[in-house]
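Heads up: the structure comes next, in C-alpha cells.
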Amino acid sequence: MRKLTSILAAGAALVAVQATLTPALAADKVELIYSDTVSENDIRSTTLKKEFGECLGSDFDFKPYFGATLFKQGTELTAMQRGNLDMGNLAIFDFYNQVPSTTLLGTPFLFRDYAHMRAVYNSDVLDPMLKEIEDTAKVKILAFPYIGARHLGYKADKRVMTPEDLKGMKLRMPPGEGWQFVGEAMGATPVPIPFTEVYTALQTGAIDGQDNGFPATHSMKFDEIINHIGKTAHLIAANEFTISLSKWNSMTPNQQAKVQSCAKNFEAALDKITLDQEADLEGKMKAAGIDVYTPDNAAFQSHVLEVYKASKYSRDWPEGLVDKIVAIGK
C-alpha cells in the first residue's frame with residue numbers, strides 16, 4: 001500500500017511539473033509577424049508561406065499579413081523600428097532617408113541582368129552598406145529575393161522608344177521620394193499611387209502606365225488594360241527581406257541560423273519561379289495582343305545615369321563601389 005501511495009504521489013508530482021513547464025515551453029516559440037503589400041494569392045505570397053514559413057518548423061509561429069492589411073506600403077520600416085512589426089519585404093527605397101548610401105542600389109541600369117544582380121548580392125562588396133543599415137535603421141536584411149525586371153507597361157497609341165517619348169506620360173511609381181525620382185529620371189511625370197490602387201488608376205486614366213515586371217503585371221491584372229510593354233529592364237528588382245534587429249537579437253544563435261537559412265531558401269525558390277514566370281508570361285502577353293518590344297535602352301541608360309550623377313542621390317554613394325559592382329562578373 002505504501003508503495004502504491006508513493007507511486008501515485010510521484011505521478012502527481014510529475015503531472016504538476018509538466019503543467020508548470022508547458023507554458024514555459026509554449027513561450028519559447030518565436031512569433032514572427034510579417035507584413036507585405038502584395039495580395040495573398042500572389043505567387044510571392046504563396047512561395048513565402050511555403051519556402052519560409054513552413055521551413056521554420058514548429059519552433060516558430062509565422063504570421064504573415066498581405067495586401068497592406070496590417071501596414072500601408074512604405075510604413076513597414078518605421079513599424080519594425082517601433083517594435084510593432086517583426087518582418088517585411090521592403091524595397092531599397094525605404095532606406096533612402098535613413099541610410100543615404102543605399103540610393104546607389106536603387107539606381108536604374110546599375111545591374112546588367114539577373115545574373116549580375118545575383119552575383120553582386122552573393123559577394124561581399126555590399127557588406128559595409130549592410131552593416132550601416134543595421135547600425136542606423138536597426139533592421140537586418142536576410143535575403144534579396146528576385147521579383148523581376150521592371151519594364152514600362154502603358155496604354156498609348158504609340159511606342160515609347162526614348163526618354164523624350166516619355167515626356168508628359170503619367171507614370172505610376174510607388175510612394176516615396178526615391179521611387180518618384182526613378183520615374184522623373186526616365187523622363188516621365190511620376191505619380192505616387194499605392195500598389196493596390198494601380199489597377200483602378202489605369203482603368204480611370206489617372207495614370208497612363210506603371211513599371212512592374214511581367215509577374216506583377218499579370219498577378220495584378222494590369223495586362224487587362226495596357227497595350228504596350230517596353231522592355232527597359234531599368235531595375236533588376238530584388239526586395240530586401242528584412243527583420244527588425246530587436247527581434248533578431250532576441251533569438252538564440254540556433255534560431256537565428258534557422259531564420260537565415262529559411263530566408264535564403266525563400267530567395268532561391270522565388271528566384272527560380274520569377275525567372276520561369278518572366279519567360280512564360282512574356283510569351284502569353286504577346287499572344288494576347290500586347291505589343292512587347294525593346295526600346296532604345298542605350299539612350300535611356302545614358303540619360304538616366306547623367307541625371308543621377310547630377311542629382312543629390314549620387315552624393316552619398318560609397319567611393320569606388322559603382323566600379324566594384326560593375327566589375328563583378330566581367
Side-chain angles (χ1 to χ4, degrees), residues 74 77 90-137 139 141 144 146-152 160 162-167 169 171-192 211-213 230 232-240 242 295-330:
L77 177 58
L90 308 183
I92 197 62
F93 305 99
D94 292 322
F95 296 99
Y96 275 19
N97 289 334
Q98 297 181 38
V99 189
S101 63
T102 59
T103 58
L104 173 61
L105 297 182
T107 303
F109 300 103
L110 178 66
F111 301 120
R112 295 185 295 275
D113 49 30
Y114 164 80
H116 182 216
M117 179 276 293
R118 181 54 63 216
V120 170
Y121 285 132
N122 286 342
S123 73
D124 60 1
V125 299
L126 298 179
D127 286 357
M129 184 182 290
L130 299 181
K131 180 64 166 57
E132 184 184 6
I133 288 172
E134 290 186 26
D135 292 343
T136 304
V139 296
I141 299 177
F144 297 88
Y146 176 59
I147 59 172
R150 296 179 81 98
H151 307 296
L152 292 175
V160 169
T162 67
E164 182 65 26
D165 295 332
L166 270 180
K167 187 175 181 179
M169 177 179 282
L171 181 66
R172 177 268 174 178
M173 301 300 296
E177 182 182 351
W179 276 112
Q180 297 301 293
F181 190 69
V182 171
E184 183 182 332
M186 293 185 71
T189 300
V191 181
D211 80 321
N212 283 284
T232 50
H234 49 278
L235 287 170
I236 308 296
N239 280 143
E240 282 65 40
T242 307
D296 184 351
N297 285 336
F300 270 106
Q301 183 178 44
S302 176
H303 175 79
V304 169
L305 291 181
E306 286 304 312
V307 172
Y308 266 82
K309 287 176 183 178
S311 76
K312 67 179 183 179
Y313 290 102
S314 64
R315 184 175 57 211
D316 298 293
W317 289 357
E319 187 175 354
L321 185 53
V322 172
D323 292 337
K324 289 179 181 178
I325 289 173
V326 171
I328 289 177
K330 279 194 170 182

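The first residue in the sequence is number 1, and the count goes up from there.
Of the options Arg172, His234, His151, a side chain to side chain donor-acceptor pair (under 3.5 Å) to Asp211 is made by His234 and by none of the others.
Scanning all heavy atoms of the two residues, the minimum distance from Gly106 to Leu235 falls at O-CD2, 3.6 Å. Smallest separation of non-hydrogen atoms from Pro175 and Pro192: CA-CB, 4.1 Å. Considering all non-hydrogen atoms of both residues, Pro174 and Trp179 come closest at O-CB, 3.1 Å.
At a threshold of 4.5 Å between non-hydrogen side-chain atoms, the residues Thr232 and Val160 do not count as touching. Side-chain contact between Val307 and Phe181 is present, with at least one heavy-atom pair separated by less than 4.5 Å. When side chains are defined from C-beta on, Asp94 does not count as touching Thr242, because their heavy atoms never get closer than 4.5 Å. Residues Glu177 and Tyr313 meet the side-chain proximity criterion, which asks for heavy atoms closer than 4.5 Å. In this structure the side chain of Phe95 never reaches within 4.5 angstrom of the side chain of Thr136, judged on heavy atoms. Using a 4.5 Å heavy-atom cutoff, the side chains of Leu110 and Val120 are not in contact. Phe93 has its side chain within reach of Val182: a pair of non-hydrogen atoms, C-beta onward, lies under 4.5 Å apart. Side-chain contact between Leu104 and Ile92: absent, with no pair of heavy atoms (C-beta onward) separated by less than 4.5 Å.
With values rounded to the nearest 0.5 angstrom, Ile133 atom CD1 is found 5.5 Å from Leu130 atom CG. Distance check: Lys324 NZ to Glu319 CD gives 9.5 Å after rounding to the nearest 0.5 Å. Here CD of Glu134 is found 13.5 Å from CE of Met129. Values are rounded to the nearest 0.5 Å. Here Leu171 contributes atom CG and Thr189 contributes atom OG1; the two are 9.0 Å apart, rounded to the nearest 0.5 Å. Rounding to the nearest 0.5 angstrom, the gap separating the CD1 atom in Ile325 from the CZ atom in Arg112 is 10.5 Å. With rounding to the nearest 0.5 angstrom, the CD1 atom of Ile147 is 4.0 Å from the CG atom of Asn239.
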Yes or no on side chain to side chain contact (heavy atoms under 4.5 Å, CB included) for Leu126 and Leu321, after CA distance, side-chain angles and deciding distance?
CA-CA 8 Å; Leu126 298 179; Leu321 185 53; 4.2 Å; yes
Given Trp317 and Tyr308, is the side chain to side chain contact (heavy atoms under 4.5 Å, CB included) satisfied, shown in steps?
CA-CA 11 Å; Trp317 289 357; Tyr308 266 82; 4.2 Å; yes
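Side chain of Arg118 to main chain of Asp113: no donor-acceptor pair is present (N/O by atom type, distance under 3.5 Å, no hydrogens or angles). Remark: side-chain polar atoms of His303 are paired, donor with acceptor, to backbone N or O of Ala185 under 3.5 angstrom. Looking only at distances, no side-chain donor or acceptor of Thr103 sits under 3.5 Å from a matching main-chain atom of Tyr96. Without hydrogens or angle criteria, Gln180 side chain to Met173 main chain gives a donor-acceptor distance under 3.5 Å.
Heavy-atom contacts from other residues, nucleotides or ligands closer than 6.0 Å to CG of Asn122 number more than 12.
Using cut-offs of 30° and 60° on the angle between ring planes, the pair Phe111 and His116 is perpendicular.
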